[in-house]
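Before any comments, here is the structure.
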Amino acid sequence: MKFLSFLFFSGVAQFALAQTPAATMLPDGSSDKYVGLGVISEPSCELGGEQTTRIMPNVQMQWSNGLFLRNTNLGLHLSPFDRVEFGPLLAYQRGCSASAARKLAGYGDVDGSFQAGGFLNYYPLAGLRMSSKFLVGKVAGKQSNYINLEARSYHQLALHHGIALSAGLAWSKRSYDQSGTRFDPDIMASGNNGFGASATRMQNQMDANVRNAYLGLNWNWEFSPAWMLTSHVTATHQFDSGKDSLWLGKRNYVTVYSGLAYRY
C-alpha cells in the first residue's frame, strides 16, 4: 500500500506540475518540488515509544493554481498578498497496528483518520515564515482539535546546499495524541488497561490538553539537476507526559529522516 501510494503521488505530480515556480517558501522551507522515498526513525506508537524505522514517501509539490501537497497534508493558497498566505487544509493522520502483546492485553489497532481546517502564514522577512494551522476531526472515535504554531527560516549554505531551521509549539486535545498510542477508550469501562493503572485515573486524563515544543533542522543537498538528498531531524519535548502518561510514555524524543528525491 505504501508503494502504491508513492506511485500515485508521483503520477499526480507529473501530470499536474505547472511551470510557474513558487513565489514563497514551500512547507519544508525551501523552494524545491520533489517526490522521493526514504527511511524514517521515530518513536513507535506503543506505550514507551521505543525507536523504530520504516520506509516513508516524501512529497512536496505546489501548482500554479495555489494547490500544494506536503506528504499527508493537502492545502490551497487563497491569499492575493505576497507576505500573507491562508487557505483550507486537509491532513491525514497515520494509523498504527497494535503488537501481539498489546492485543492480548485488550488493545486494538488505531485506524488512520482525516482532519480538516486551515492555515495562516506570515513572512516578516525574506526567508522567514511564521505559520499556524488549525485542524478538527474525529481521532480514535472522539472529536478533537489540533493547533500548531511555528517559525521557520531558510538559509542557502552553498550552491547546492540549503538548510531550514524551525521551532514550534503544538496544542491538542488528549484524545488527538492518544490515537498514536495503543490506548482504546472502550477498555476503560472494563477497569483493566493492561498496565495496572486505575481506569478512573485514565478517565480523568482523557480531556487534558497535550502541549509539546519542537526544534527542527531540514537539509536539502542537490547533487544533480534532477536528484537530491532530503534529510531532517526533529527534537520534541512533551510538557505533560508524566510517568503514567499514555502519550508515548516519554518527555523527549527525536525523529530522523533521510531519503532520495526526484526534483521537478
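By convention here, the first residue in the shown sequence is residue 1. The analysis underlying the following values was restricted to heavy atoms, covering all of them including side chains, and did not include hydrogens, waters or symmetry mates.
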inquiry  = Determine whether F68 and L89 satisfy the following criterion, side chain to side chain contact (heavy atoms under 4.5 Å, CB included), listing intermediate values before the conclusion.
reply    = CA-CA 10 Å; F68 67 90; L89 184 67; 4.2 Å; yes
### For Y34, the option from D28, L260, V59 that meets side chain to side chain contact (heavy atoms under 4.5 Å, CB included)
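Among the candidates, only D28 passes.
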The side chain to side chain contact (heavy atoms under 4.5 Å, CB included) partner of F86 among N121, L76, L78 is L78
Evaluate the side-chain hydrogen bond (donor to acceptor under 3.5 Å, both in side chains) criterion for residues S113 and Q115: first the C-alpha distance (whole Å), next the side-chain angles of each, then the deciding distance (0.1 Å), finally the verdict. CA-CA 7 Å; S113 58; Q115 290 88 46; 3.0 Å; yes
Evaluation steps, side chain to side chain contact (heavy atoms under 4.5 Å, CB included), between Q62 and R70 = CA-CA 9 Å; Q62 181 167 294; R70 174 58 175 159; over 6 Å; no
Between atom [atom1] of [X] and atom [atom2] of [Y], what is the distance when rounded to the nearest 0.5 Å?
{"X": "H155", "Y": "S30", "atom1": "NE2", "atom2": "OG", "answer": "13.0 Å"}
{"X": "L165", "Y": "L217", "atom1": "CG", "atom2": "CG", "answer": "6.0 Å"}
{"X": "L229", "Y": "H161", "atom1": "CG", "atom2": "NE2", "answer": "10.0 Å"}
{"X": "R263", "Y": "F223", "atom1": "CZ", "atom2": "CZ", "answer": "10.5 Å"}
{"X": "N58", "Y": "L37", "atom1": "CG", "atom2": "CG", "answer": "9.0 Å"}
{"X": "K33", "Y": "Y264", "atom1": "NZ", "atom2": "OH", "answer": "11.5 Å"}

Which atom names give the shortest non-hydrogen contact between [X] and [Y], and what distance separates them?
{"X": "T230", "Y": "A261", "result": "CG2-CB, 4.1 Å"}
{"X": "S153", "Y": "L128", "result": "CB-CD1, 4.1 Å"}
{"X": "Y123", "Y": "D82", "result": "CD1-O, 4.4 Å"}
{"X": "D32", "Y": "M228", "result": "OD2-CE, 3.6 Å"}
{"X": "Y214", "Y": "L169", "result": "CE2-N, 3.9 Å"}
{"X": "P43", "Y": "Y253", "result": "CG-CD1, 3.4 Å"}

### Query
Would you call R54-E42 a salt bridge at under 4.0 Å N-O?
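The answer is yes: the pair qualifies as a salt bridge.
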Any link between [X] and [Y] through a network of hydrophobic side chains (Ile, Leu, Val, Met, Phe, Trp, Tyr) touching at under 4.5 Å?
{"X": "M56", "Y": "V233", "value": "no"}
{"X": "V256", "Y": "I163", "value": "no"}
{"X": "F81", "Y": "L125", "value": "no"}
{"X": "F134", "Y": "W171", "value": "yes"}
{"X": "V35", "Y": "W227", "value": "yes"}

Flag, side chain of [X] to backbone of [Y], donor-acceptor distance under 3.5 Å:
{"X": "E85", "Y": "S79", "result": "no"}
{"X": "S132", "Y": "L120", "result": "yes"}
{"X": "Q60", "Y": "L26", "result": "no"}
{"X": "Q156", "Y": "A158", "result": "yes"}
{"X": "T72", "Y": "Y92", "result": "yes"}
{"X": "R129", "Y": "A151", "result": "no"}

I'd like to check [X] versus [Y] (side-chain heavy atoms, cut-off strictly below 4.5 Å). Are they in contact?
{"X": "L215", "Y": "H237", "answer": "no"}
{"X": "N73", "Y": "K133", "answer": "yes"}
{"X": "P124", "Y": "M130", "answer": "yes"}
{"X": "Y257", "Y": "S231", "answer": "no"}

Check: Checking side chain to side chain contact (heavy atoms under 4.5 Å, CB included) for the pair N148/L135: CA distance, chi angles, key distance, verdict?
Finding: CA-CA 9 Å; N148 174 242; L135 298 169; over 6 Å; no
Between H160 and W221, is a side-chain hydrogen bond (donor to acceptor under 3.5 Å, both in side chains) present by the stated rule, with each step listed? CA-CA 6 Å; H160 301 292; W221 172 25; over 6 Å; no
request  = Please report the C-alpha distance between T234 and H232 in whole Å, then the side-chain angles of each, then the deciding distance to 0.1 Å, and finally whether the side-chain hydrogen bond (donor to acceptor under 3.5 Å, both in side chains) criterion is met.
outcome  = CA-CA 7 Å; T234 304; H232 72 248; 4.8 Å; no
Are more than 12 heavy atoms, taken from residues, nucleotides or ligands other than Y262, located less than 6.0 Å from that residue's OH atom? no
Side chain to side chain contact (heavy atoms under 4.5 Å, CB included) between T53 and I40, intermediate numbers included: CA-CA 5 Å; T53 58; I40 185 171; over 6 Å; no
Between T236 and N212, a side-chain donor and acceptor under 3.5 Å: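 Checked: T236/N212 side chains show no N/O donor-acceptor pair below 3.5 Å.
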